[in-house]
Every structure is written in structure tokens, then in C-alpha cells.
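Notes to accompany the following structure.
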Amino acid sequence: MDSLIQKNYEIAKEMYASIGVDTDMAIQKLKNIPVSLHCWQGDDVGGYDQEGPLTGGIQTTGNYPGKAATPQELMDDIDQAASLCPGKKKLNLHACYAIFEDGEHVDRDKLEPKHFKKWVEFAKSRNMGIDFNPTFFSHPKVKDGLTLSSPDEETRKFWIEHGKACIRISQYFAEETGIPCVMNIWTGDGFKDIPADRMGPRMRYKESIEEILSEPFDKNKVKPCVESKVFGIGVESFTSGSAEFALTFAATHDGCLPLMDNGHYHPTEVVSDKIPALLCFYPEIALHITRGVRWDSDHAVLFDDETKEMAKEIVRCDALERVYMALDFFDASINRIAAWAVGFRSWQKALLSALCTPNAALKKLQDESKFTELMIKQEEMKTMPFGAVWNQYCKECGVASDHDLYGKISAYETDVLAKR
Ligand code: RNT
Ligand code: ZN
């Protein structure tokens, strides 16, 4: 198999060279681009700080056996998933994954760096940076579906304190790992039915985020983001953190980034088109890469057209260093390690394929209005021997090929997951 991969790669490399693409360079470049791997695929966004159900307008469906029931199991599974993924990884944590020791427990407004010490040890020993998310859902203090935009002052204050605690924890992550921490603010705040007041909740949301960001932090170490959403399950009529709200908030608050999750728009909208629009104005932006099927269903990412188009935009805008890329999906109906691995690998494929595209030449055709030639050249790209480059990349990174992936996942299922 190895020698076949090698032979195929040599031929592919020549074919790409003939259209001006250096595949060795593409492979080298991709090895150093970090992508954030979300811990929450491993336990269906449960977390370990409370027992209640998943709320906030998001849902995992399915009951596949073997989910990680403890932080240690989750760490083992992340290791297993990471061993199947080529490329550089960052760890993406949620506040609800705090690890309490010696019977201690604190509520979310009182969280401290020490509650994430074990995660820091885990990340550091694997050379990973850490991204972070305050958890504004799955908690008894979510009042009538509202947190930061609640009219109840006590509720709103509690969640502001949670946000501030998370800023301090994010700064700790950045200092410990030496890598900036992207801290994403997302709430499911909204209403099921037609509201009588839309601006009130949004003004409170705005003031709450401002209070959170008044917590001192180093802008080079902590990168706060605001993630927008169109609607959630049970909150179909109104979302406080709409697209316009989040974009304008980020645009008017120094150091705050907009975060686009491609499951959070009307079904015919595409984030690939929004990426270059935002890059015209923001020095940096953040993404949640997911796959929505008819709604924000958070299926595992595949190597499909829109995924490729998003990666293409980042690469051809020369924005790999300006876009923080994180995965965000949670499928409980299939082997969770497989969901992680397929999702991460698909995004890697999309990036590699974008890096193997003669972007400058294609742009030139557009600028010279040679649209017939552009169409033909873009079609040619679709049948280039990309699989051979991908196989070579996996080989160089020491991870399974697509062909061997299922076998590895199935062995871990038999040896570990089935025994839980
Ligand atoms: C929900 C948002 C949010 C969550 C994670 C768990 O619709 O996408 O990013 O998925 O915070
Ligand atoms: Zn998201």
C-alpha cells in the first residue's frame, strides 16, 4: 500500500506541477495550520459540572453506545480521535467540562483556572493550544430560556460573572500554553413565539457582553468572539444574538471577533461568501465548521461542496492566519470517534484541496474577464488526482488512510468503548 501511495503521489505531483501547483509545499503548509478540535463531540455536549439535560436550543440525537462518561474517558477518546487526524490541533473546551477534585464543587460564576488544570496538563503535553467557551446553557439558572439578555437582574448578573470567570480562565490557558485562547460567547437566548419586545433583550445582551469584556485581559492572549444564530429548537421566533447583532457588536468593540457557525443561517445562505466580506473589515474572524442538514443539526463535517468553498475562500484570501477555525458538531447516532475523525479529516481535505488550487491563475482569468476559460479550468480542478495528495499527506503525518480508518475505529470500539 505504501509504495502504491508513493507512486501515485509522484504522478499526481507532476500533474499538479503542470498547472502551477506545488503539492509538496501545500502539504508542508497544512501541517502547521491549527484547527480546533471540540471536546463536546465525545459526550454529546453533556459536560461534567451538572446532571441536567442539554438545553439552549441545541440537540444531540442518537444513543450510540460508548460515550465518554468521565473526564478521563473523554481525554482517552480525544487522544484516539487525534491519532486518526493529520495536521495540527488545538483543544476546544466548554466551561461545563470543569474538573472538580476532592469533592469540591462550585457554580459557574465561581469557576477558577484550577478547575481546568488537568486540561492544561493534557493540552501542554500534546503541544496543543486551548480555545474556550463559557457555557450559557444546560443549567438551572437559565431563566425562561434567557441568560445574558434576561430581564431578571439576578439571572443576568450570574451569567455575567460566569463570562468574566471564563475570561480569567482563557487568559490562564493562553499563558500556560503560550498560544492565544479564542473565547467564544454564544447563548441560546430567544423566544419560542412572537416577542413583544426585540430591542430590550438585545440591549441587555449588549450591556452584558460589555460587562464581561470589562474584565481585564491581554488582547494578544485572549480573543473574545460573539457567535450569532438564526434560531434554535424551542426558540424559533427570536434570537437575541442574531447575525446583525453579533457582527455589529464585534465591529464596534475593539478586540472582539465575529464568529460564524455555518449551521446558523437561513438554508440558502452560505458562509463561504460571508468570509471574504468580513475579511474586508475585520483583522481577524472566527469560524465554527459544521454540517447542518435542513436545520442546525450539527452533523459531522464531510468533504462536500460548501466545505470546500469555505476552505477555498480562507486560502485564496491569504487569510489562514486571520481566521480561527474550530469544528462544532455532535452526532450521537454514530461512533463518536468516527464523527470526530471524519469531521476533522474532511476539513483538512478541504484545506489541502484549496492549497492545491492555482488560485492566482484563476483570479487572473476572472480579472481579465476570461470567463469561458475560467469555467473550464475550474471544472478541471474537480478531477485532478487529489486523493493521491491526500493519501501522501496522511502518510507523512503518520495517520491512517481513508481506507484504513474504519478498521482503527472499529478496533477501539471493541477494545475500549464496548467495555464501558
Ligand atoms: C450552538 C452553537 C454553539 C454550540 C457549542 C456547544 O448552536 O453552535 O457553538 O454548538 O457551544
Ligand atoms: Zn457553533
Side-chain angles (χ1 to χ4, degrees), residues 35-50 52-61 67-68 74 90-98 108 130-139 142 145 147-148 159 162-163 166 170 181-190 205 223-236 238-243 245-246 250 257-267 269 271 274 285-301 307 310 323-332 336 339-340 343 347:
V35 174
S36 213
L37 183 66
H38 56 312
C39 73
W40 52 91
Q41 165 60 63
D43 75 328
D44 312 341
V45 210
Y48 302 111
D49 75 335
Q50 59 91 45
L54 175 61
T55 67
I58 53 178
Q59 253 178 26
T60 50
T61 53
K67 91 170 170 192
L74 187 61
K90 223 177 160 184
L91 176 65
N92 206 355
L93 292 177
H94 240 286
C96 59
Y97 291 84
R108 291 195 188 153
I130 306 177
D131 291 331
F132 198 45
N133 305 260
T135 311
F136 296 106
F137 53 84
S138 304
H139 191 280
V142 178
T147 61
L148 293 175
W159 291 109
H162 175 54
C166 288
S170 298
C181 172
V182 175
M183 191 195 98
N184 178 42
I185 296 174
W186 172 75
T187 73
D189 286 23
Y205 195 15
K223 309 274 177 178
C225 307
V226 188
E227 177 180 13
S228 68
K229 190 160 177 173
V230 60
F231 80 94
I233 297 293
V235 286
E236 289 85 356
F238 167 86
T239 296
S240 303
S242 60
F245 176 90
L257 279 59
L259 187 147
M260 294 190 291
D261 177 315
N262 62 308
H264 291 189
Y265 296 87
H266 290 282
E269 283 183 81
V271 164
K274 300 175 193 294
I285 64 169
L287 291 180
H288 271 181
I289 301 149
T290 190
R291 177 167 56 107
V293 179
R294 307 197 187 280
W295 66 290
D296 182 36
S297 62
D298 288 293
H299 283 63
V301 174
T307 305
M310 283 166 61
V323 181
Y324 294 100
M325 302 176 283
L327 299 172
D328 180 17
F329 49 79
F330 26 95
D331 191 340
R336 293 171 185 79
W340 257 323
W347 183 244

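Just follow the structure's listing: the first ligand is 1, and inside any ligand the first atom is 1. As a basis for the values below, the full set of heavy atoms in this structure was taken, side chains included, without hydrogen atoms, waters or symmetry mates. Quick note: residue numbers are just sequence positions, from 1.
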Identify all pairs of nitrogen or oxygen atoms, one from ligand 1 and one from the protein, separated by less than 3.5 Å, and list them with distances.
unit_1: ligand 1; atom_1: 7 (O); unit_2: K229; atom_2: NZ; d: 2.7
unit_1: ligand 1; atom_1: 7 (O); unit_2: H264; atom_2: NE2; d: 2.9
unit_1: ligand 1; atom_1: 7 (O); unit_2: D296; atom_2: OD2; d: 3.2
unit_1: ligand 1; atom_1: 8 (O); unit_2: E227; atom_2: OE2; d: 3.0
unit_1: ligand 1; atom_1: 8 (O); unit_2: D261; atom_2: OD2; d: 2.9
unit_1: ligand 1; atom_1: 8 (O); unit_2: H264; atom_2: NE2; d: 3.0
unit_1: ligand 1; atom_1: 8 (O); unit_2: D328; atom_2: OD2; d: 2.8
unit_1: ligand 1; atom_1: 9 (O); unit_2: E227; atom_2: OE1; d: 2.7
unit_1: ligand 1; atom_1: 9 (O); unit_2: E227; atom_2: OE2; d: 3.2
unit_1: ligand 1; atom_1: 9 (O); unit_2: H288; atom_2: ND1; d: 3.1
unit_1: ligand 1; atom_1: 9 (O); unit_2: D328; atom_2: OD2; d: 3.1
unit_1: ligand 1; atom_1: 10 (O); unit_2: D328; atom_2: OD1; d: 3.0
unit_1: ligand 1; atom_1: 10 (O); unit_2: D328; atom_2: OD2; d: 2.8
unit_1: ligand 1; atom_1: 11 (O); unit_2: H94; atom_2: NE2; d: 2.7

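- With hydrogens and angles left out, the side-chain atoms of H288 and E227 include a donor and acceptor closer than 3.5 Å.
- For D131, the salt bridge (Lys or Arg N to Asp or Glu O under 4.0 Å) criterion is met by K90, not counting sequence neighbours.
- Listed by chain and number, E227 OE2, D261 OD2, H288 ND1, D328 OD2 are the protein N/O/S atoms closer than 2.8 Å to the Zn ion (ligand 2), with waters left out.
- A side-chain donor from one of D298 and T290 sits under 3.5 Å from a side-chain acceptor of the other.
- Of the N and O atoms on the side chains of D261 and W186, not one donor lies less than 3.5 Å from an acceptor on the other residue.
- Taking the side-chain hydrogen bond (donor to acceptor under 3.5 Å, both in side chains) definition, one finds that D296 meets it with K229, H264, sequence neighbours left out.
- Between the side chains of N92 and H38, no donor-acceptor pair of N or O atoms lies under 3.5 Å.
- Using modelled atom types, one finds a donor on one side chain and an acceptor on the other under 3.5 Å when comparing Y97 with D43.
- A centroid separation of less than 6.0 Å is found between the aromatic rings of H162 and F136.
- Checked against a 6.0 Å centroid threshold, the rings of F137 and H94 count as neighbours.
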